[in-house]
Amino acid sequence: DDDDEERFEQQNFVIEILKRDEDKVSRERWRNIVIGAIFRITVFAFAVVSLLFLISGYHTTQRNEESVLMSSTNGRKEKTTSAVVDSYSPNYGNLKSASQLPWDIIIEPNRGHNIKLSKFVHEGFQIDIKSDDYTIIWTILGEEYYGPEFEVILTKVGVFTGTVKIFQKSKSITRKSNMKLIHTEEFSIAAKYIRREIRSLTDTDRKKVFTALRKMYTISQEDGQRIYGKAYISAETILLTHLTAAGMTDCDHWHDGAGFLTHHTALTLLVERSLQSIDPSIALPYWDYGIDGTKYSFENIQQSEIFQPDWFGEASPGNAEHRIDDGGFWSDIKFPDGEKYASTWDIAATGSLNPHVNAYGVLRSPWNNNPSPHIGRRNSTYGVRRSFLPTCKDFKRCFQKKTLTEMKYDFNGVTHGPVHIVLGGGWGEDTSLFHRSTTDKMNVTRPVEDDMDYLLQGPIKVVMFKLLWRMGYSRCPEKCALPTANEPTSACKCSVPQEYIDTFGVREILAATNISNFLSLVPQFVAHKNDDVYLLKVLRALEDPGIVGDMLTSAAAYDPIFWPLHGAIERLLSYKRLMVRSGKVHSFDEEWGFPDFKISNNDPYLNGVCDWSKVAGPADLTLPTCSTGVPCLGHGEFDNIQLFELGGSTAQFTNREFYEYIRPWNDDLPYVYDTYEFDYCQSEGADFFEMED
């Protein structure tokens with residue numbers, strides 16, 4: 001028993017020892033758990049405090065930025081992240097027409113232009129991109145540029161994509177001011193020549209244009225292409241081309257029809273390219289003659305800066321030859337000798353008499369018997385002053401036409417034709433049919449329909465003469481000796497051969513050419529329509545045009561003022577097309593067409609084609625075969641514009657294709673206009689949209 005009691009006590013002792021050890025281990029375990037927990041809590045707390053510190057700092061910065069941004073934007077918060085890219089010319093500022101065109105920026109080739117980031121919105125707020133916190137990198141055609149604004153010079157025409165990347169200094173305390181890309185923006189760049197109104201050019205740029213243009217008159221085609229390349233075209237080549245198209249006896253392939261605008265716009269483009277082969281930094285300016293028509297009366301048009309000696313020269317020279325003689329750029333320019341073109345023309349193959357050479361051997365309209373080789377201008381036609389430069393009201397009426405056909409008819413007429421009359425004019429045939437004085441004719445006050453002198457001795461005389469000439473009734477001499485005291489200029493004249501009068505009679509000639517129908521609008525003519533003596537007097541008044549200023553002839557392309565003219569009407573058409581595209585104009589029919597010239601409408605124009613292939617020459621009195629209603633090649637919608645090979649181009653266009661090509665928003669068109677609007681017309685009461693439905 002004692003042994004059992006002793007074992008029991010020993011067991012209790014062991015149990016007690018074990019209990020104490022177990023309590024000790026348990027206490028140590030809990031102590032370790034607590035210590036570990038405290039450590040973890042401490043670490044977590046430190047992390048939380050650090051995070052809160054960073055968040056607090058970030059939001060403090062953001063609040064400061066927002067405070068500045070909100071104050072700079074009047075409390076407005078932008079909705080998106082975006083960048084606005086802009087450009088301007090150091091000499092001309094922002095391009096007004098840019099807002100109507102589809103590209104983000106437009107810059108001129110071979111000229112310095114500034115491109116800038118004008119606005120940057122990030123995460124809803126407009127950012128000060130000039131801050132040192134931002135770095136801006138641009139990429140254009142593989143080249144990099146830096147900063148919010150820089151100058152660039154591009155050397156080729158086209159539409160390209162540029163990129164701007166915006167980097168911001170990092171706010172992280174764990175990074176060393178690294179730059180973070182926060183936005184990339186792509187933008188479209190149109191590198192296009194900008195045609196500006198000639199008065200808006202800087203003196204330097206205007207001089208560059210005239211210097212290059214004069215070279216086209218003084219450097220031959222062969223030498224020019226050798227020096228400047230295939231795009232160069234001499235003024236002589238251009239003149240020859242225009243004479244061929246407009247001076248043939250079968251019909252006028254470029255005027256009085258639907259092809260007028262497209263052919264002259266194409267020719268203007270070729271001349272611009274020729275100028276750029278000489279100086280690639282220039283564009284061909286346009287002359288907005290509506291400004292002058294609105295500002296100046298007929299008598300003081302010379303006051304326009306357009307006619308300064310170092311611009312286009314005097315409008316109506318007072319010397320006997322009416323040649324430009326003001327000592328300026330064009331005083332010494334002469335028409336080329338046409339002798340080398342006199343014997344190379346094939347009447348049988350072309351169906352036309354030679355359109356290139358006049359009777360004095362000058363490369364000029366063959367019926368314009370002007371012996372002077374100089375450019376001629378006069379502000380009256382055989383003593384009659386009734387034409388004025390187009391005005392804002394004329395442009396407005398044209399703009400409001402509902403069809404392309406109607407607009408093209410206006411381009412041939414009231415919005416363009418009067419410029420040629422005012423600057424061309426005529427002289428040498430100012431004997432009054434009814435013995436009225438020249439002074440009296442200068443100031444015609446009666447309505448035109450009551451004035452036979454105006455019709456027979458005014459600008460319309462040239463139109464009626466060309467009917468007689470194209471239909472073969474009036475014949476012009478092939479050769480004339482230069483005038484002398486014994487042989488005056490008046491001896492070199494076109495005339496209706498007596499044989500025709502004897503064979504056909506005056507009435508038949510006037511009827512066949514539709515002249516009698518046109519003159520039937522005049523009571524004086526109607527009263528004498530059966531008087532053969534009177535009718536012969538009328539025919540003799542029309543058979544010869546005298547001397548005509550070159551701007552009123554098929555040689556108009558040699559007068560330097562010819563070149564800025566057609567941009568004015570192209571710009572008007574482009575404005576119409578842009579307004580249609582924008583939805584501001586709702587009705588415009590662009591079907592190809594042109595009003596038919598009809599006898600029933602008393603139109604004094606050739607309605608058809610005259611085939612001269614069976615006529616040996618001007619002295620052969622065989623009449624050509626004239627067919628009414630036959631289309632004149634050059635005016636059809638799908639007739640080819642056969643011009644571009646002149647400038648070394650392989651491009652081929654039909655009239656319709658070129659009409660589509662000159663859309664102002666066409667990526668491939670190498671030019672735009674500085675403005676398509678006619679703001680100055682508003683002050684003249686000519687709101688183009690006033691009567692728009």
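Checked against ring-ring contact (aromatic ring centres under 6.0 Å, His included), Tyr341 has no partners two or more places apart in sequence or in another chain. For His374, the ring-ring contact (aromatic ring centres under 6.0 Å, His included) criterion is met by no residue, not counting sequence neighbours. In this structure, Glu478 has no side-chain hydrogen bond (donor to acceptor under 3.5 Å, both in side chains) partners at least two apart in sequence or on a different chain. Qualifying side-chain contact (heavy atoms from CB on, under 4.5 Å) partners for Val463, counting only residues two or more places apart in sequence or in other chains: Ile460, Pro604, Tyr605. Residues satisfying the salt bridge (Lys or Arg N to Asp or Glu O under 4.0 Å) criterion with Arg470, sequence neighbours excluded, are absent altogether.
Residue pairs meeting the side chain to side chain donor-acceptor pair (under 3.5 Å) criterion with at least one partner in residues 548-559, sequence neighbours excluded, are Arg364-Asp550, Ser365-Thr553, Ser365-Ser554, Arg377-Asp559.
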Candidate pair Thr237 and Ser234, rule side-chain hydrogen bond (donor to acceptor under 3.5 Å, both in side chains), full reasoning: CA-CA 5 Å; Thr237 301; Ser234 70; 2.9 Å; yes
Lys479 vs Glu339, salt bridge (charged side-chain N to carboxylate O under 4.0 Å, His left out): CA-CA, chis, key distance, verdict: CA-CA 11 Å; Lys479 293 281 187 179; Glu339 287 301 324; 3.2 Å; yes
Test log, rule salt bridge (charged side-chain N to carboxylate O under 4.0 Å, His left out), inputs Asp589 and Lys402: CA-CA 6 Å; Asp589 180 358; Lys402 299 294 185 181; over 6 Å; no
Working for side chain to side chain contact (heavy atoms under 4.5 Å, CB included), residues Met248 and Trp612: CA-CA 10 Å; Met248 293 175 69; Trp612 286 72; over 6 Å; no
side-chain hydrogen bond (donor to acceptor under 3.5 Å, both in side chains) between Arg475 and Tyr500, intermediate numbers included: CA-CA 11 Å; Arg475 298 300 178 96; Tyr500 288 164; 3.0 Å; yes
Criterion side chain to side chain contact (heavy atoms under 4.5 Å, CB included) on Val362 and His356, from CA distance to verdict: CA-CA 8 Å; Val362 179; His356 298 148; over 6 Å; no
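A heavy-atom distance below 4.5 Å is found between the side chains of Leu572 and Cys398. The shortest side-chain heavy-atom distance between Glu591 and Thr403 does not fall under the 4.5 Å cut-off. Two residues are said to be in side-chain contact when any heavy atoms from C-beta on lie closer than 4.5 Å; Pro371 and Ile547 meet this criterion. Leu573 places a side-chain heavy atom less than 4.5 Å from the side chain of Phe411. Using a 4.5 Å heavy-atom cutoff, the side chains of Val526 and Pro523 are not in contact. At a threshold of 4.5 Å between non-hydrogen side-chain atoms, the residues Thr381 and Trp427 do not count as touching.
Side-chain N/O atoms of His322 and Ser316 include no donor and acceptor closer than 3.5 Å. When only modelled atom types and interatomic distance are considered, Ser352 and Thr249 share a side-chain donor-acceptor pair under 3.5 Å. Defined by atom type and a distance below 3.5 Å, a donor-acceptor pair is present between the side-chain atoms of Asp252 and His255. Checked by atom type, the side-chain pair Thr265/Thr262 shows no donor-acceptor distance below 3.5 Å. Between Glu543 and Ser474, the side chains place no donor N or O within less than 3.5 Å of an acceptor N or O (distance only, hydrogens not considered).
Annotation: Trp330 is not in aromatic contact with Phe312 [ring centroid separation under 6.0 Å not met].
A distance below 2.5 Å between sulfur gamma atoms is not met by Cys251 and Cys610.
Across Tyr473 and Thr513, no two heavy atoms sit closer than the pair CD1-CG2, 3.7 Å. The shortest non-hydrogen separation linking Phe335 to Ala555 is CE2-CB, 3.9 Å. For the pair Phe525 and Ser520, the tightest heavy-atom approach, listed with the atom from each and the gap, is CD2-N, 3.9 Å. Asn412 approaches Asp256 most closely through the heavy-atom pair OD1-N, 2.8 Å. Taking each heavy atom of Ile238 and Leu267 in turn, the nearest pair found is CD1-CD1, 3.9 Å. Between Arg656 and Trp592, the shortest heavy-atom distance links the atoms NH2-N, 3.3 Å.
The existence of a salt bridge linking Arg397 and Asp410 is excluded, since no basic side-chain nitrogen approaches an acidic carboxylate oxygen closer than 4.0 Å. Ion pairing of Arg195 with Glu272 is present here, as a side-chain N (NZ or NE/NH1/NH2) and a carboxylate O approach within less than 4.0 Å. Here Lys230 does not pair with Glu222 in a salt bridge; the nearest charged N to carboxylate O distance is not below 4.0 Å. Ion pairing of Arg577 with Glu570 is absent here, as no side-chain N (NZ or NE/NH1/NH2) approaches a carboxylate O to less than 4.0 Å.
For the pair Asp394 (side chain) and Pro390 (backbone), a donor-acceptor distance under 3.5 Å is absent. A donor-acceptor pair is defined here as one N or O able to donate and one able to accept, closer than 3.5 Å; no such pair exists between the side chain of Asp250 and the backbone of Gly351. No side-chain donor-acceptor contact under 3.5 Å links Lys401 to the backbone of Tyr409. In terms of modelled atom types and a separation under 3.5 Å, the side chain of Asn514 and the main chain of Asn517 share no donor-acceptor contact. Side-chain atoms of Ser627 do not come within 3.5 Å of backbone N or O of Val630 as any donor-acceptor pair. A donor-acceptor contact shorter than 3.5 Å links the side chain of Ser274 to the backbone of Ile233. Panel note: side chain Asn358, backbone Asn370; a donor-acceptor pair is recorded below 3.5 Å. A donor-acceptor pair under 3.5 Å links the side-chain atoms of Tyr382 to the main chain of Pro545, judged by distance alone. Proximity of a side-chain donor or acceptor of Arg507 to a complementary backbone N or O of Asp532 within less than 3.5 Å is not detected. In this structure, the side chain of Asn655 does not engage the main chain of Glu637 through any donor-acceptor pair within 3.5 Å.
The CD1 atom of Ile561 sits 10.0 Å away from atom NE2 of His420, with the distance rounded to the nearest 0.5 Å. A distance of 13.5 Å separates CD in Glu321 from CZ in Arg378, rounded to the nearest 0.5 Å. Within the model, atoms CH2 of Trp287 and CH2 of Trp563 stand 15.5 Å from one another, a figure rounded to the nearest 0.5 Å. Expressed to the nearest 0.5 Å, how far CH2 of Trp469 lies from CG of Leu606 amounts to 11.0 Å. Atom CZ in Arg663 sits 9.5 Å away from atom CG in Leu669 (nearest 0.5 Å). Between atom CD1 of residue Ile509 and atom OG of residue Ser516 there is a gap of 11.5 Å, rounded to the nearest 0.5 Å.
Residue His242 is tested with His566, His263, His253, His264 for a ring-ring contact (aromatic ring centres under 6.0 Å, His included); the sole match is His264.
Phe594 does not carry Lys408 over the face of its six-membered ring by the limits of under 6.0 Å from the centre and within 45° of the normal.
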